[in-house]
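Here is the structure we will look at, set down as structure tokens.
Because the structure is a prediction, the values reported are computed rather than measured.
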Amino acid sequence: MKTLIKICGVTSAQDAFRVSRAVVAFMGLIFAPESPRCVSLSQAAEIVEARVPGLLAVGVFQDQSQDFIERAVSEASLDYLQLHGCESPELCNALPRPVIKTITYEPDWTPDQLKAAMAPYLPRENPNIHFLLLDAPKRVAMLPAQRERLLATFYEDGSLAAIPHFLAGGLTPETVGPLLRAFHPVGVDVASGVEASVGVKDPDKLQRFRDAVLQFE
């Protein structure tokens, strides 16, 4: 089974083309105002127009209104919605596109705490949630080895194997391979790890990230 790749934080039509050439599955467009990679609805529409057929556009939102999300779907032709805040399962299931629901874990979480956070959003119980996305906290710097040790505790009992999920948080072309070999998620999500500068994708890093994932397969 091929590992899905999502390149997040695309901010220009040029980068949409670069991401398309890397043959990934998902391109993320961030609408959360506090993000340095935030795009407007008009920018998003231009970026989506520049993609190649088959590349799915994901709108990334954080605690934003249903009205705004639905407007973004319409104006930017979004295929998926990633919800990165405290959105309710009810909102996830009411939206007009499939949802990727982010679960941001803390460095001191136990497996039971992760399970409790995921429980309301499990795809098998929420028809519009297609994937969960496990993300490391942005406010805490975690070394790759620290992150892998923590993730290892989450995967110990095998329960994550039954949940379609992405892994995100600090991934790079160098770290994604070991993570895939250890944990076998459905997909991986990367933003800063394939950038030349904030919001600008690096063609070489994009290619190396893709190659690292393909080598695992």
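Minimum heavy-atom separation, Ser88 to Tyr121: C-CE2, 4.0 Å. Shortest non-hydrogen contact noted between Tyr80 and Ile100 is CD2-CG1, 4.0 Å. Of all the heavy atoms in Leu78 and Gly59, the pair that sits closest is CD1-CA, 3.8 Å. Annotation for Gly9 and Arg37: closest pair CA-CD, 3.8 Å, computed over non-hydrogen atoms. For the pair Arg147 and Gly170, the tightest heavy-atom approach, listed with the atom from each and the gap, is NH2-O, 3.7 Å. Closest approach of Glu70 to Ala94, counting heavy atoms only: OE2-O, 4.4 Å.
At a threshold of 4.5 Å between non-hydrogen side-chain atoms, the residues Phe209 and Val188 count as touching. Looking at heavy atoms from C-beta onward, Leu55 lies in side-chain contact with Ser20 at the 4.5 angstrom threshold. Side-chain contact check for Leu133 versus Gln82: some heavy-atom pair is nearer than 4.5 Å. Counting heavy atoms from C-beta on, the side chains of Cys8 and Val190 never come closer than 4.5 Å. Using a 4.5 Å cut-off on side-chain heavy atoms (C-beta onward), Asp135 and Tyr105 make no contact. Residues His130 and Pro164 are not in side-chain contact: their nearest non-hydrogen atoms beyond the backbone lie 4.5 Å or more apart. When side chains are defined from C-beta on, Leu134 counts as touching Leu160, because their heavy atoms get closer than 4.5 Å. Between Glu195 and Asp202, the closest side-chain pair of non-hydrogen atoms is not below 4.5 Å.
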Under the side-chain contact (heavy atoms from CB on, under 4.5 Å) rule, what do Val60 and Lys6 come out as? Steps first, then yes or no, please.
CA-CA 12 Å; Val60 182; Lys6 176 174 171 282; 4.2 Å; yes
Please assess Phe154 against Phe183 for the test ring pair (Phe, Tyr, Trp, His ring centres under 6.0 Å), listing each intermediate value before the final yes or no.
CA-CA 10 Å; Phe154 296 158; Phe183 305 122; 9.4 Å; no
Take Val58 and Asp79 through the side-chain contact (heavy atoms from CB on, under 4.5 Å) test and state the conclusion after the steps.
CA-CA 6 Å; Val58 182; Asp79 302 297; over 6 Å; no
Would you check, one step at a time, whether the test side-chain contact (heavy atoms from CB on, under 4.5 Å) holds for Arg71 with Ile69?
CA-CA 5 Å; Arg71 182 182 167 198; Ile69 295 172; over 6 Å; no
Output, in order, the C-alpha distance, side-chain angles, deciding distance and verdict of side chain to side chain donor-acceptor pair (under 3.5 Å) for Asn93 and Asn126.
CA-CA 7 Å; Asn93 287 304; Asn126 295 278; 2.9 Å; yes
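With sequence neighbours excluded, the residues forming a salt bridge (charged side-chain N to carboxylate O under 4.0 Å, His left out) with Asp204 are Arg208, listed by chain and number. Remark: His84 pairs with no residue by the ring-ring contact (aromatic ring centres under 6.0 Å, His included) rule, at least two apart or across chains.
Ser40 places a side-chain N or O within 3.5 Å of a backbone atom of Gln43 that can act as its donor or acceptor partner. No donor-acceptor pair closer than 3.5 Å links the side chain of Glu125 to the backbone N or O of Leu122. With Thr175 contributing its side chain and Thr172 its backbone, the two residues share a donor-acceptor pair below 3.5 Å. A donor-acceptor distance shorter than 3.5 angstrom exists from the side chain of Thr11 to the backbone of Gly199, with no hydrogens or angles considered. Thr153 contributes a side-chain N or O that, together with a main-chain N or O of Leu150, makes up a donor-acceptor pair within less than 3.5 Å.
Val186 is connected to Phe26 through a chain of hydrophobic side-chain contacts under 4.5 Å among Ile, Leu, Val, Met, Phe, Trp and Tyr, so both are in one cluster. Hydrophobic clustering (side-chain heavy atoms under 4.5 Å, transitive across Ile, Leu, Val, Met, Phe, Trp, Tyr) groups Val73 together with Leu91. One hydrophobic cluster holds both Ile103 and Phe61 under the rule that ILVMFWY side chains link at heavy-atom gaps under 4.5 Å. When the side chains of ILVMFWY residues are joined at heavy-atom separations under 4.5 Å, either directly or via intervening members, Leu95 and Leu29 end up in a single hydrophobic cluster. One hydrophobic cluster, built from ILVMFWY side chains closer than 4.5 Å, cannot hold both Val200 and Val194; they sit in different ones.
Of the inter-residue distances, the one linking Asp67 atom CG with Gln64 atom CD reads 12.0 Å to the nearest 0.5 angstrom. Between atom OG1 of residue Thr3 and atom CZ of residue Arg210 there is a gap of 12.5 Å, rounded to the nearest 0.5 Å. The distance from the CG atom of Leu4 to the CG atom of Asp189 is 11.0 Å, given to the nearest 0.5 Å. The CD1 atom of Ile129 sits 4.0 Å away from the SG atom of Cys92 when rounded to the nearest 0.5 Å. For the atom pair Leu214 CG and Gln207 CD, the distance stands at 8.5 Å (nearest 0.5 Å). Taken from CZ in Phe68 to CG in Leu41, the straight-line distance is 4.5 Å, to the nearest 0.5 Å.
For OH of Tyr155, the number of neighbouring non-hydrogen atoms (other residues, nucleotides, ligands) closer than 6.0 Å is greater than 12. For Gln113, the CD atom counts as densely surrounded, since its 6.0 Å shell holds more than 12 non-hydrogen atoms of other residues, nucleotides or ligands.
Taking a cutoff of 4.0 Å between a charged side-chain nitrogen and a carboxylate oxygen, Lys201 and Asp15 do not qualify as a salt bridge. Contact check on Glu87 versus Lys101 returns a salt bridge, with a Lys/Arg side-chain nitrogen under 4.0 Å from an Asp/Glu carboxylate oxygen.
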